[in-house]
Amino acid sequence: MSQRITIDPITRIEGHLRIDCEVEGGKVSKAWSSGTMWRGIENILLGRDPREAWIFAQRICGVCTTVHSLASVRAVENALGLEIPLNAQLIRNVIVVAHALHDHIVHFYQLSALDWVDVVSALKADPAKAAQVAQSLSDWPRNSVQEMKAVQARLKDFVAKGQLGIFTNGYWGHPAMKLPPEVNLLAVAHYLQALEYQRKALKAVAVLGSKTPNIQNLAVGGVVNAVNMDAAATLNMNKLFEVRSQLEEVIRFVQQVYFPDVAAIGGMYAEWLGYGAGVRNYLAVPDLPTDAAATRFDMPGGILMGGDLAKVRPITSWKDDFFAKNVTEDISHAWYDGDWARHPYKETTDPKFTGIWKPESPAPAKYTWVKAPRLDGKPMQVGPLAQVLVAYVQGDMLTQKWANKCLEIAGGVAKAKLGPAVLQSTLGRIAARSIRAAVMSDLAIKHWELLANNVGKGDTAIYNEPRFPTGTIEGFGVHEAPRGVLSHWVVIENGKVKNYQAVVPSTWNAGPRDAQDQMGPYEASLVGNPVADPHKPLEALRTVHSFDPCLACAVHTHDAEGNEIARAKVL
């Protein structure tokens with residue numbers, strides 16, 4: 001007999017997400033993903049000057065502001081066929097890297113680790129043994145016995161005062177939690193340290209972007225960071241070295257703390273390499289261009305179908321014809337007017353809400369604000385896992401270096417030989433994010449040096465003026481954002497925005513079924529997932545959190561109506 005569970009809202013994400021599951025024999029047999037918020041940023045942009053679209057587009061999300069800004073200006077530049085100066089390309093790249101490192105650190109420690117780490121268990125740990133475990137993983141200087149004792153004392157003080165704060169509602173003691181107390185303690189210590197280092201990454205973004213969130217330095221045609229080595233108010237060597245200093249501290253944290261934590265903890269939960277694969281079609285786009293014309297990239301893109309790591313279709317350009325022609329969005333099960341699948345240039349965004357799904361009722365025809373993106377009619381999984389897999393199979397040296405190291409550490413802990421295919425899983429998505437962070441940490445200084453060396457040669461160009469023709473032009477901008485492939489699509493008529501659509505990572509992943517009843521990646525990944533206790537569906541949260549959901553991005557009105565059969569109180 002099946003049992004329905006509803007988790008609403010999913011917490012530790014950006015935006016409003018509801019998951020409904022049917023559980024039979026302790027496993028999920030069916031799943032539905034519902035985005036329950038709508039804002040309509042695309043409609044706000046209609047009729048506006050394309051040069052200001054990015055300012056509005058970055059408000060799609062309160063976390064992913066930088067990435068939407070970038071995709072937006074790239075879309076307009078693509079429509080115009082406009083090349084930007086090398087300095088502008090490199091300044092954008094350094095911002096991209098710093099923002100991504102911040103995002104990945106936050107995802108593991110603050111958003112997903114608490115599905116695996118039992119905070120209360122850390123109270124039972126021996127700080128000396130915890131320090132010993134930590135020191136066996138890396139030479140991070142803050143893995144001392146004194147640090148572990150201080151964190152445990154701080155945690156005990158929280159408990160004694162009844163002020164666990166953000167730790168209050170966790171599933172502590174859940175049978176799926178299996179880390180030793182000492183590993184839980186070192187994870188809590190690194191959780192607190194991560195708050196410091198993600199802030200340093202954002203400081204690097206703010207120096208170049210003027211502020212964060214909602215950077216101010218972009219422009220269609222380049223950036224507005226005036227470069228003058230002799231002026232205090234412009235981008236000079238002092239500011240560049242301040243950015244480098246912040247990046248170097250973040251790089252050390254990523255390579256000596258974040259990466260080994262994920263690999264080691266992953267090895268202790270190796271059985272989770274068998275759950276959560278879901279959609280095995282993967283899509284990634286190239287990013288971090290090393291030239292002004294964006295013909296060479298440090299992050300490869302490509303398409304993998306059916307989980308076959310022997311066959312990859314590379315994407316080597318931001319103008320890739322197959323991608324440009326074959327992206328569609330389906331609204332068969334989304335709260336919009338109509339029942340169609342269209343290319344973004346031809347889409348509309350007309351909301352038509354038909355009611356929240358009541359748990360005791362059959363699945364309705366429409367149950368989410370999220371559209372269902374497809375590539376050539378197929379659902380695709382996007383995100384760090386997709387990017388790591390397509391880079392790995394194309395022989396990218398940095399990706400292979402860090403992926404092999406991650407699999408070696410995890411395999412050593414699990415006492416098993418692990419290959420890249422096991423990354424197609426719940427745990428693999430989390431591991432892939434740490435691999436991508438490590439790769440980007442290696443690229444951070446490279447792109448800083450490219451910028452510093454180019455400026456040092458006397459090149460101060462930052463902007464090429466856009467000129468809009470009479471008539472209609474179309475363009476799309478892509479970016480391999482922290483959560484995966486992001487694309488903005490714009491139709492410009494006589495210098496004004498005629499249509500605007502954002503097809504974002506969490507739309508690809510959180511999208512519902514389409515007209516062919518093909519499930520989206522969230523839904524497919526939950527099928528077969530274990531659930532020990534329907535009232536405490538920790539295992540379902542693990543899989544959903546592994547995607548790093550951002551529903552604010554995905555749906556661009558929150559109605560909490562409905563009565564759950566099993567109400568899940570989650571952290």
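Here the structure is a predicted model, which means the values were calculated and not measured. Just so it is clear, the values below take in all heavy atoms, side chains as well, and ignore hydrogens, waters and symmetry mates. The residues of the chain are indexed from 1 along the displayed sequence.
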J.: Quick check on K203: does its NZ atom have over 12 non-hydrogen neighbours (other residues, nucleotides or ligands) under 6.0 Å away?
T.: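 Incorrect, the count does not exceed 12.
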
J.: Could you tell me how the ring of Y197 sits relative to the ring of W140: parallel (under 30°), tilted (30 to 60°) or perpendicular (over 60°)?
T.: perpendicular

J.: Should the pair Y367 and H333 be assigned to parallel (<30°), tilted (30 to 60°) or perpendicular (>60°) ring geometry?
T.: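 Tilted, since the angle between the ring planes falls between 30° and 60°.
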
J.: In plain terms, say whether R244 and E449 are close enough for a salt bridge, that is, a side-chain N and a carboxylate O under 4.0 Å apart.
T.: yes

J.: Side chains of D298 and H447: do they bring a donor and an acceptor to under 3.5 Å?
T.: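 Their side chains do contain a donor-acceptor pair, which is all the 3.5 Å distance test asks for.
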
J.: Can you run down the side chain to side chain donor-acceptor pair (under 3.5 Å) pairs that involve residues 305-316, sequence neighbours left out, and say none if there aren't any?
T.: R313-D320

J.: Looking only at side-chain N and O atoms, does D118 offer a donor or acceptor that is under 3.5 Å from a partner on S121?
T.: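 Result is no, nothing qualifies.
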
J.: Any salt bridge linking R513 with D330? Criterion: basic side-chain nitrogen under 4.0 Å from a carboxylate oxygen.
T.: no

J.: Tell me which pairs pass ring-ring contact (aromatic ring centres under 6.0 Å, His included) where either residue lies in residues 372-391, with sequence neighbours left out.
T.: none

J.: Quick one: do E271 and K178 make a salt bridge, cutoff under 4.0 Å?
T.: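 Salt bridge between E271 and K178, a charged N being under 4.0 Å from a carboxylate O: yes.
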
J.: Using distance alone, with no hydrogens and no angle criterion, decide if Q255 and S441 have a side-chain donor and acceptor under 3.5 Å apart.
T.: yes

J.: Can D261 and Y109 be counted as having a side-chain donor-acceptor contact under 3.5 angstrom?
T.: yes

J.: Any donor-acceptor pair under 3.5 Å linking the side-chain atoms of S546 with those of T426?
T.: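 Result is no, nothing qualifies.
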
J.: Side chains of D442 and W402 only: does a donor on one sit below 3.5 Å from an acceptor on the other?
T.: yes

J.: Fit a plane to each ring of Y275 and W272, take the angle between them on a 0 to 90° scale, and name the class: parallel (under 30°), tilted (30 to 60°) or perpendicular (over 60°).
T.: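 Ring orientation, 0 to 90° scale: perpendicular.
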
J.: Would you kindly say whether Q132 and E182 are connected by a side-chain donor-acceptor distance under 3.5 Å?
T.: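 Absent: no donor and acceptor within the cut-off.
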
J.: Salt-bridged, R374 to D514, with N to O below 4.0 Å?
T.: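 Yes, charged N to carboxylate O under 4.0 Å.
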
J.: Check whether F547 forms a cation-pi arrangement with R429 (NZ or CZ under 6.0 Å from the six-membered ring centre, at most 45° off the ring normal).
T.: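 The answer is yes; both the distance and angle limits are met.
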
J.: Could you tell me whether D103 and R483 make a salt bridge, using a distance below 4.0 angstrom between a side-chain N and a carboxylate O?
T.: yes

